[in-house]
> 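Here it is, the structure in full.
One-based numbering along the sequence shown.
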Amino acid sequence: MTATQFTASTGTGDSGRAAVAAALPTPDRRPRRRGQWAAWAFLAPVVIYLVVFYAYPLFRNLDLSLRDYTVRSFIDGTAPFVWFANYVTVFQDPTFWPALANTATFTLVSIVFQYSIGMALAVFFFQRFPLSTTLRALFLVPWLLPLLVSASAWSWMLNSDSGVVNYLLSLVGVDAVNWLTSPQWALVSVLIANIWIGVPFNLVILYSGLQNISSDIYEAASIDGANAWQKFWRITFPLLRPVSAITILLGLVYTLKVFDIIWIMTRGGPGSSSTTFAIWSYRLGFGSALPDLSPAAAVGNLLIVIALVFGLIYIRAQRRLEV
């Protein structure tokens, strides 16, 4: 008997519909609820991780920058709200503009050279010549080494008195350079080390992107008479734009917060010649017996804002490419 026939036999109107609803089997919602609980169970570790290690530290850092914290305040919890006074203090500090210029220079120069050299090496190794796999693996060594080891090695090589770099320069008649102790060369020294460390990362990501480009496109270009440069500029570079964008973004976020290399090699000196926001924040927070914890947090938040701005720019650019 159908629902219509059942309604006709039991009456019409609300009483008939009620009888039909009572006669039809009730759907079992327990499997759907079980699936929802299972989904939340899988999401829970990720949510807990993000809250504990990202959301809460960010909130605490923001709170720290809006209060006047001292060592005593951490014990008795009596830090008063000063709102944006710490940011005003940071902006008025004589170190702000040199640190901003050094951060911008260090970040932009590092990204340009890391990406350019990484791209050139990726295209070079994509030719698959003998020993290309071995040489490509050797180029990963700087990336695999701990930053402490890499920075210490560059400090030794760039040493003014016994460094191998000055020794090689002396062989061609060039006077010794005070790489780590000269205001003109300190930032250049940490740039060289950071570029050397970051090139393998760009090489790996861009090489992976090259593997996704069909060889048929290159064969068709060869038939049309395209040379190597035309293939790169007309095929390789445009098709690698999505991979290039994420590579540059990750390099930007990483380079903005570089601390280990600069601190080990120059400690931000001499003076403020190689001081970036990351170094300045550390100096304020841990560089003296009476640390300025709240201004240090304010400088750290400025770095977060800069990274967030570039992240939003990347997302917007990706949306334009998808349209």
Side-chain angles (χ1 to χ4, degrees), residues 53-55 57-69 82-115 147-148 150-151 154-155 180 183-198 201 248-288 290-314:
F53 294 101
Y54 285 90
L58 285 175
F59 169 77
R60 287 293 297 151
N61 200 62
L62 180 62
D63 179 72
L64 187 64
S65 68
L66 298 177
R67 294 176 180 267
D68 185 17
Y69 266 100
V82 293
W83 297 104
F84 297 101
N86 291 312
Y87 292 92
V88 174
T89 301
V90 167
F91 290 138
Q92 294 177 346
D93 195 292
T95 309
F96 176 79
W97 291 110
L100 178 62
N102 291 337
T103 302
T105 302
F106 182 79
T107 302
L108 294 178
V109 174
S110 293
I111 290 175
V112 168
F113 278 92
Q114 287 173 353
Y115 177 78
L147 291 178
L148 175 64
S150 300
W154 276 103
S155 297
L180 305 177
Q184 291 77 21
W185 291 101
L187 187 60
V188 175
S189 302
V190 295
L191 270 170
I192 294 173
N194 190 63
I195 291 170
W196 180 79
I197 293 172
F201 172 78
I248 293 174
L249 176 64
L250 292 176
L252 175 70
V253 174
Y254 166 78
T255 309
L256 278 173
K257 63 183 182 63
V258 165
F259 168 80
D260 316 62
I261 301 168
I262 302 175
W263 186 256
I264 293 172
M265 294 182 65
T266 65
R267 296 187 179 272
S272 299
S273 59
S274 60
T275 297
T276 61
F277 276 172
I279 296 295
W280 188 25
S281 178
Y282 181 83
R283 280 181 172 177
L284 290 173
F286 304 98
S288 63
L290 296 175
D292 294 324
L293 300 172
S294 295
V299 176
N301 286 333
L302 292 178
L303 278 177
I304 294 174
V305 170
I306 294 172
L308 180 62
V309 168
F310 281 102
L312 294 176
I313 293 174
Y314 166 76

> I need the Arg67 CZ to Leu62 CG distance, nearest 0.5 Å.
10.5 Å

> If I take atom CG from residue Leu256 and atom CZ from residue Phe277, how far apart are they, to the nearest 0.5 angstrom?
10.0 Å

> Where is the tightest heavy-atom contact between Thr95 and Ser272, given as atom of each residue plus distance?
CG2-OG, 4.0 Å

> Counting only heavy atoms not in Phe310, do more than 12 sit closer than 6.0 Å to its CZ atom?
no

> Can you measure from OH (Tyr87) to CG (Asn301) and round to the nearest 0.5 angstrom?
3.5 Å

> Quick one: CG on Leu180 to CH2 on Trp154, what's the gap to the nearest 0.5 Å?
11.0 Å

> Taking all atoms of both residues into account, what is the closest heavy-atom pair of Met265 and Ser189, and its distance?
CE-O, 3.7 Å

> Apply side chain to side chain contact (heavy atoms under 4.5 Å, CB included) to residues Trp280 and Thr103 and explain how you reach the verdict.
CA-CA 10 Å; Trp280 188 25; Thr103 302; over 6 Å; no

> Only one of Leu108, Ile195, Leu191 passes side-chain contact (heavy atoms from CB on, under 4.5 Å) with Phe113; say which it is.
Ile195

> Side chains of Trp97 and Leu100, heavy atoms from C-beta outward: is any pair under 4.5 Å?
yes

> Would you say the side chain of Asn86 lies within less than 4.5 Å of the side chain of Tyr69, judging by non-hydrogen atoms?
no

> Taking the side chain from Gln114 and the backbone from Ile197, do they hold a donor-acceptor pair closer than 3.5 Å?
no

> Classify the ring geometry between Trp263 and Phe259 as parallel (under 30°), tilted (30 to 60°) or perpendicular (over 60°).
parallel

> What are the two closest non-hydrogen atoms of Pro291 and Gly285, and how far apart are they?
CB-O, 2.9 Å

> Could you report the tightest heavy-atom contact between Arg283 and Arg267, atom names first, then the distance?
NH2-O, 2.7 Å

> So, Ser281 side chain and Ala296 main chain: donor-acceptor pair closer than 3.5 Å or not?
yes

> So, the side chain of Asp68 versus the backbone of Val82: is there a donor-acceptor pair under 3.5 Å, distance only?
no

> Which pair of non-hydrogen atoms, one from Ala297 and one from Asn61, has the smallest distance, and what is that distance?
O-ND2, 3.4 Å

> Where the side chain of Thr275 meets the backbone of Gly268, is there a donor-acceptor pair that is under 3.5 Å apart?
yes

> Is there a side-chain contact between Ile261 and Leu147 in this structure, where contact means two heavy atoms from C-beta onward sitting under 4.5 Å apart?
yes

> Under a 3.5 Å distance rule, please check whether Ser274 uses its side chain to pair with a backbone N or O of Gly269 as donor and acceptor.
yes

> What are the two closest heavy atoms between Ala278 and Val258, and how far apart are they?
CB-O, 3.6 Å

> Calculate, to the nearest 0.5 Å, the distance between atoms CD1 and CG belonging to Ile313 and Leu252 respectively.
9.0 Å

> When you measure from the side chain of Ser273 to the backbone of Ala186, do you find a donor-acceptor pair of N or O atoms at a distance under 3.5 Å?
no

> Supply the atom-to-atom distance Asn102 CG to Ile279 CD1, rounded to the nearest 0.5 angstrom.
10.5 Å

